[in-house]
Visitor: 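Before anything else, here's the structure in question.
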Amino acid sequence: MTAQRRVLFALILASVALMTSGCAGALMMPFYLINGTDAPPVLKNEVKSIPKESTMVVICRSNLNLYGSSNPDSDLSQALTYCISTEMKDKKKKKLTWIPYDRVEDLFDEEELHNLSFEKLGAKLKADYVIGVEIDSFDVHHSSQFYQGTAKTLVRLIDVNKHETIARQSMPTYTYPPTPVPVSDYDEIEFQKTFTVKLAKNIATLFCPHDPHEQYAVDSDFPER
């Protein structure tokens, strides 16, 4: 018997023993050992349908009167581009070309970014697909004394050549961290950048495999000082 078959046989025996003992939680352990803890992308079928060698671009824009460092558009676009392009499965990510957000900002002014459709922006960038994110709410203040980020987004996956939205997902309001942190402990820009990266990872679950249990450790980025 090969080593691989011995391991599989041992896992089967463990499963049988756990079934007879009624331990449902532990019963899933062999599954995790074989398959890992990653859940598939929420838009698994849509991601699979993207042809290899496609050119992708992420464009985020807020429907809010936020200016300067408070405006999350650029930071979220860059963070989301990085998250999706690196966390996709190897076979898929190696087949795609990602347009950096710097090129988007170089080509369009702020008014164009907000007034042109994602389809038109993608066409001018010569992209095949746009991941367009509308930021409907974004705030990093829980109160005057505490930081806690909240954001609400609408995400679209757009086929530029067909002028077609192939997926549309309204994300639940995202809150991070679960427990507010004192404003005296963190610089506001530092907090917002951390929150923006976490928000990007949350949105990236639409397109990438992810650990659904990771959310239970989110407080670890803001230890007590």
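Because the structure is a prediction, the values reported are computed rather than measured.
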Visitor: Looking at side-chain heavy atoms only, is the closest gap between Ile59 and Leu125 below 4.5 Å?
Guide: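 They are in side-chain contact.
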Visitor: When rounded to the nearest 0.5 angstrom, what is the spacing between CG in Asp211 and NZ in Lys201?
Guide: 11.5 Å
Visitor: Count I, L, V, M, F, W, Y as connected when their side-chain heavy atoms are under 4.5 Å apart, and connections chain through other members. Are Tyr186 and Tyr176 then in the same cluster?
Guide: yes
Visitor: Evaluate the criterion side chain to side chain contact (heavy atoms under 4.5 Å, CB included) for residue pair Val133 and Leu80; output intermediate values, then yes/no.
Guide: CA-CA 10 Å; Val133 180; Leu80 188 53; 3.8 Å; yes
Visitor: If the condition is side-chain hydrogen bond (donor to acceptor under 3.5 Å, both in side chains), which residues does Asp102 pass it with, not counting sequence neighbours?
Guide: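 side-chain hydrogen bond (donor to acceptor under 3.5 Å, both in side chains) list for Asp102, sorted by chain: empty.
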Visitor: Lys193: what forms a salt bridge (Lys or Arg N to Asp or Glu O under 4.0 Å) with it, not counting sequence neighbours?
Guide: Asp75
Visitor: Are Met88 and Ile203 connected in the hydrophobic side-chain network, where two residues link if heavy atoms are under 4.5 Å apart?
Guide: yes
Visitor: Residues in side chain to side chain contact (heavy atoms under 4.5 Å, CB included) with Ala151, at least two apart?
Guide: Phe138, Phe195, Leu199
Visitor: Tracing side-chain links under 4.5 Å among I, L, V, M, F, W and Y, which residues wind up in one group with Tyr82?
Guide: none
Visitor: Could you pull out all residues at least two apart from Asp106 that satisfy side chain to side chain contact (heavy atoms under 4.5 Å, CB included)?
Guide: none
Visitor: For Thr81, what residues pass the side chain to side chain contact (heavy atoms under 4.5 Å, CB included) criterion, not counting sequence neighbours?
Guide: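 Checked Thr81 against side chain to side chain contact (heavy atoms under 4.5 Å, CB included); matches are Val58, Trp98.
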Visitor: Is there a path from Ile135 to Ile84 through hydrophobic residues (I, L, V, M, F, W, Y) whose side chains come within less than 4.5 Å of each other?
Guide: yes
Visitor: Which hydrophobic side chains are connected to Leu154, either touching it within the sub-4.5 Å cutoff or through other members that do?
Guide: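 Via sub-4.5 Å side-chain contacts, Leu154 links to none.
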Visitor: Judged by modelled atom types alone, do Ser62 and Asp73 share a side-chain donor-acceptor pair under 3.5 Å?
Guide: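 A donor-acceptor contact under 3.5 Å links the two side chains.
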Visitor: Do Val130 and Leu96 belong to the same hydrophobic cluster, where Ile, Leu, Val, Met, Phe, Trp and Tyr are linked whenever their side-chain heavy atoms lie under 4.5 Å apart, directly or via other members?
Guide: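 Val130 does not cluster with Leu96.
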Visitor: Restricting to side chain to side chain contact (heavy atoms under 4.5 Å, CB included), what partner residues turn up for Ser143, sequence neighbours left out?
Guide: Gln145, Phe146
Visitor: For a quick check under 3.5 Å, do Thr196 and Gln192 share a side-chain donor-acceptor pair by atom type?
Guide: no
Visitor: Kindly write out the residues that satisfy salt bridge (Lys or Arg N to Asp or Glu O under 4.0 Å) with Glu134, not counting sequence neighbours, or none if the list is empty.
Guide: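 If we apply the salt bridge (Lys or Arg N to Asp or Glu O under 4.0 Å) test to Glu134, skipping adjacent residues, the hits are Arg61.
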Visitor: Under the ring pair (Phe, Tyr, Trp, His ring centres under 6.0 Å) test, which residues partner His114, sequence neighbours left out?
Guide: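 None.
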Visitor: Please answer: with hydrophobic residues joined when any side-chain heavy atoms are less than 4.5 Å apart, are Leu206 and Phe118 in the same cluster?
Guide: no
Visitor: Give me the atom names and distance for the closest heavy-atom approach of Val183 to Ser144.
Guide: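 Closest pair (atom of Val183, atom of Ser144, distance): CG2-O, 3.8 Å.
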Visitor: Which atom pairs, donor and acceptor, lie under 3.5 Å between side-chain atoms of residues 157-168 and protein residues at least two apart or in another chain?
Guide:
residue: Asp159; atom: OD1; partner: Asn161; partner atom: N; Å: 3.2
residue: Asp159; atom: OD1; partner: Lys162; partner atom: N; Å: 3.1
residue: Asn161; atom: ND2; partner: Asp128; partner atom: OD1; Å: 3.3
residue: Thr165; atom: OG1; partner: Arg156; partner atom: NE; Å: 3.2
residue: Thr165; atom: OG1; partner: Arg156; partner atom: NH2; Å: 2.7

Visitor: What pairs with Tyr147 under ring pair (Phe, Tyr, Trp, His ring centres under 6.0 Å), at least two apart in sequence or on another chain?
Guide: His141, Phe191
Visitor: Report the C-alpha distance between Ser170 and Lys152 in whole Å, list the side-chain angles of each, state the deciding distance to 0.1 Å, and finish with yes or no for side chain to side chain contact (heavy atoms under 4.5 Å, CB included).
Guide: CA-CA 8 Å; Ser170 180; Lys152 177 74 174 172; 3.6 Å; yes
